[in-house]
Every structure is written in structure tokens, then in C-alpha cells.
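One structure below.
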Amino acid sequence: MILKREFYQQPTLEVARSLLGKKLVRQHDQQKLMGLIVETEAYIGENDTACHASKGKTQRTEIMFGRAGHAYVYFIYGMHYMLNIVTESEGKPAAVLIRAIQPINHIDILKLHRNIDNEKLLTNGPAKLCQAYNINKAFNDWDLCLGKELWIETMDESNNYQIQSSPRIGIDYAEEKDRNAHWRFTLKDNPFLSK
DNA sequence: GTGAGGATGCACT
DNA sequence: GTGCATCCTCACG
């Protein structure tokens with residue numbers, strides 16, 4: 001089942017947790033590239049100094065102020081894209097960063113996109129999975145609720161996953177309270193988590 | 001296996 | 001001009 005708008009309108013921490021074990025689907029050419037979401041991070045509101053929107057509404061961050069269920073894709077370090085999903089109500093800037101995925105199918109295509117052969121390293125990082133699934137600036141503001149090109153589904157079988165939380169990665173510039181918040185969520189012991 | 005450093009371009013001040 | 005929600009390579013030994 002394709003996740004609907006109501007799913008993304010929930011509190012961001014709830015969305016970040018619930019996205020674990022869901023399936024990211026990228027319709028690419030004639031193929032459906034699918035991966036299990038195994039790691040996420042929450043970025044919540046103007047008071048979260050790790051959140052881009054804490055600096056206010058700009059051309060770049062206005063997506064986060066918009067409708068839940070849209071993608072917020074930004075370019076960083078001169079070469080990398082990051083995939084986020086906007087959450088909560090319009091006007092409240094918040095999003096969930098997809099940090100890692102476990103490939104489900106078409107490993108050969110992912111390897112081509114990444115130009116490496118080690119399956120463990122294909123999608124175990126936010127920029128890596130964007131490269132593997134060919135997610136770029138074209139998907140900024142894309143509506144994931146349409147079920148076209150890029151969306152998220154529930155898995156057919158029900159699974160019991162154990163979820164862990166920890167501080168977010170790569171936000172040394174943020175205030176201590178935000179650096180310490182356990183807003184990173186992972187599937188325990190999954191081999192495809194980021195470093 | 002671990003850590004340092006460079007790549008690289010765009011949004012923002 | 002500054003700095004970044006990262007990744008890869010190359011040194012170690």
C-alpha cells in the first residue's frame with residue numbers, strides 16, 4: 001500500500017520511526033527499484049538548530065514549510081544529494097532524512113549507478129542511496145503521495161523490527177541540546193546502516 | 001581498521 | 001567569501 005498524506009502529517013518523530021521497515025520505490029526507466037528503509041533522522045522546526053529551517057524561510061528551505069508528503073532534496077558538499085520527506089502541517093517546517101536503505105532488487109542497476117561492486121556499500125549513507133536510486137534535484141518538492149516515479153509503500157508481510165535511537169550525525173554546528181537529541185532511528189543490527 | 005584531507009558547487013550573508 | 005544533514009582515497013603499519 002502506498003503511504004498517504006495522513007501518514008506524513010503525523011508528528012515528525014513518529015514518522016521517522018514508522019518509516020523504518022517501509023519500502024522506498026523508485027520507478028526508473030522500466031524498472032521498479034526498491035529498498036527497505038533502515039535508518040532515518042528527524043529535523044523539527046525553527047527551534048532545532050540542526051534543521052535548515054532554523055535559519056528561517058528561504059528559497060531553499062521553503063519546501064519544508066510546505067505540504068507533508070513532498071520530498072525535500074538538496075545539494076551539498078558540491079557533489080551530493082540528500083533525500084528528505086516533509087512532515088506535519090503546512091507552515092511548520094519539519095522533515096525526515098532518509099539515511100540508509102537495504103537494497104531489495106536490481107542490485108546490478110544500483111551498482112552501475114554507484115560504480116562500485118560491494119553490495120554493503122551501495123546505499124548505506126544518505127548521499128549513497130540518492131546516487132544508487134538516481135534521486136536528484138529534479139525530485140525537490142516531488143509529491144510522494146502520487147505513487148509515481150518515487151514513493152513509499154508498506155511491506156506486504158508484517159515484520160517485527162527492533163528500533164534503536166541515537167544522536168544525529170554530522171551536525172557539530174548545532175546547539176548542544178540538538179546535538180544530544182536522540183532523533184536518529186535505526187533498525188537494530190541491520191548490516192546496511194551508515195557509518 | 002582507522003583517521004586525515006580533499007573534492008566540489010551552491011545557498012546564503 | 002563561508003561553510004556545509006558526505007564520501008572516497010590514501011596513508012599508516
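Each chain gets a letter, A, B and so on, in the order its sequence line appears, and its residues count up from 1.
Using a 4.0 Å cut-off between charged nitrogen and carboxylate oxygen, A:Arg179 and A:Asp172 do not count as a salt-bridge pair. Note on A:Arg26 versus A:Glu149: salt bridge recorded, some NZ/NE/NH1/NH2 to OD/OE distance being below 4.0 Å.
Atom NZ of A:Lys120 and atom P of C:dC7 are 17 Å apart (whole Å). Separating the OH atom of A:Tyr81 from the C1' atom of B:dT8 is a distance of 12 Å, rounded to the nearest angstrom. C:dA5 atom P lies 19 Å from atom CD1 of A:Ile135, rounded to whole Å. Across the protein-nucleic acid pair, A:Glu62 atom CD and B:dA11 atom P stand 12 Å apart, rounded to whole Å.
Comparing atom distances between the A:Asn84 side chain and each of C:dA5, C:dC7, C:dC8 picks out C:dA5 as nearest. Taking only side-chain atoms of A:Thr58, from C-beta outward, the nucleotide of C:dA5, C:dC7, B:dC12 with the closest atom is B:dC12. For A:Tyr72, the side-chain atoms get nearest to C:dA5 when compared with the rest of C:dA5, C:dC7, B:dA7. Checked against B:dA11, C:dA5, C:dC7, the side chain of A:Lys137 finds its nearest nucleotide in B:dA11. The side chain of A:Ile169 lies closest to C:dT6, out of C:dA5, C:dT6, B:dC12.
Using a 4.0 Å heavy-atom cutoff across all strands shown, A:Ile171 reaches sugar-phosphate atoms only and no base atom. Residue-level contact check: A:Phe75 touches the backbone only, with heavy atoms under 4.0 Å from sugar-phosphate atoms and none from bases. Looking at heavy-atom distances under 4.0 Å, A:Lys195 makes no contact with the nucleic acid at all. Within 4.0 Å of A:Arg168, counting heavy atoms only, lies no atom of the nucleic acid at all. Backbone-only engagement by A:Met82 is indicated by non-hydrogen atom pairs under 4.0 Å involving sugar-phosphate atoms exclusively. No contact: A:Arg184 has no heavy atom under 4.0 Å from any strand. Base engagement by A:Ala50 is indicated by at least one non-hydrogen atom pair under 4.0 Å involving a base atom.
A distance cut-off of 5.5 Å between ring centres, combined with a plane angle under 30°, places A:Tyr43 in a stacking arrangement with the base of C:dA5.
Within the structure, a side-chain polar atom (N or O) of A:His52 is placed less than 4.0 Å from OP1 or OP2 of C:dA5. A close approach under 4.0 Å does not occur between any side-chain nitrogen or oxygen of A:Arg60 and OP1 or OP2 of B:dG9. Phosphate proximity of C:dT6 to A:Arg99: present, with a side-chain N or O under 4.0 Å from OP1 or OP2. Considering only side-chain N and O atoms, A:Lys55 lies nowhere under 4.0 angstrom from the phosphate OP1 or OP2 of B:dA11.
Between A:Thr12 and A:Glu88, the side chains place a donor N or O and an acceptor N or O closer than 3.5 Å (distance only, hydrogens not considered).
Ranked by how close their nearest DNA chain C nucleotide is to the 5' end, A:Ile116 and A:Tyr173 are led by A:Tyr173.
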**Request:** Check the pair A:Asn124 / A:Lys120 against side-chain hydrogen bond (donor to acceptor under 3.5 Å, both in side chains), numbers first and verdict last.
**Result:** CA-CA 7 Å; A:Asn124 65 333; A:Lys120 289 278 166 49; over 6 Å; no

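In this structure, A:Glu176 places its CD atom where only 12 or fewer heavy-atom neighbours from other residues, nucleotides or ligands lie under 6.0 Å away.
Among A:Thr40, A:Leu129, A:Ile169, the one residue that satisfies the side chain to side chain contact (heavy atoms under 4.5 Å, CB included) test with A:Arg99 is A:Ile169.
Under 3.5 Å, the side chain of A:Tyr77 and the base of B:dA7 form no donor-acceptor pair of N or O atoms.
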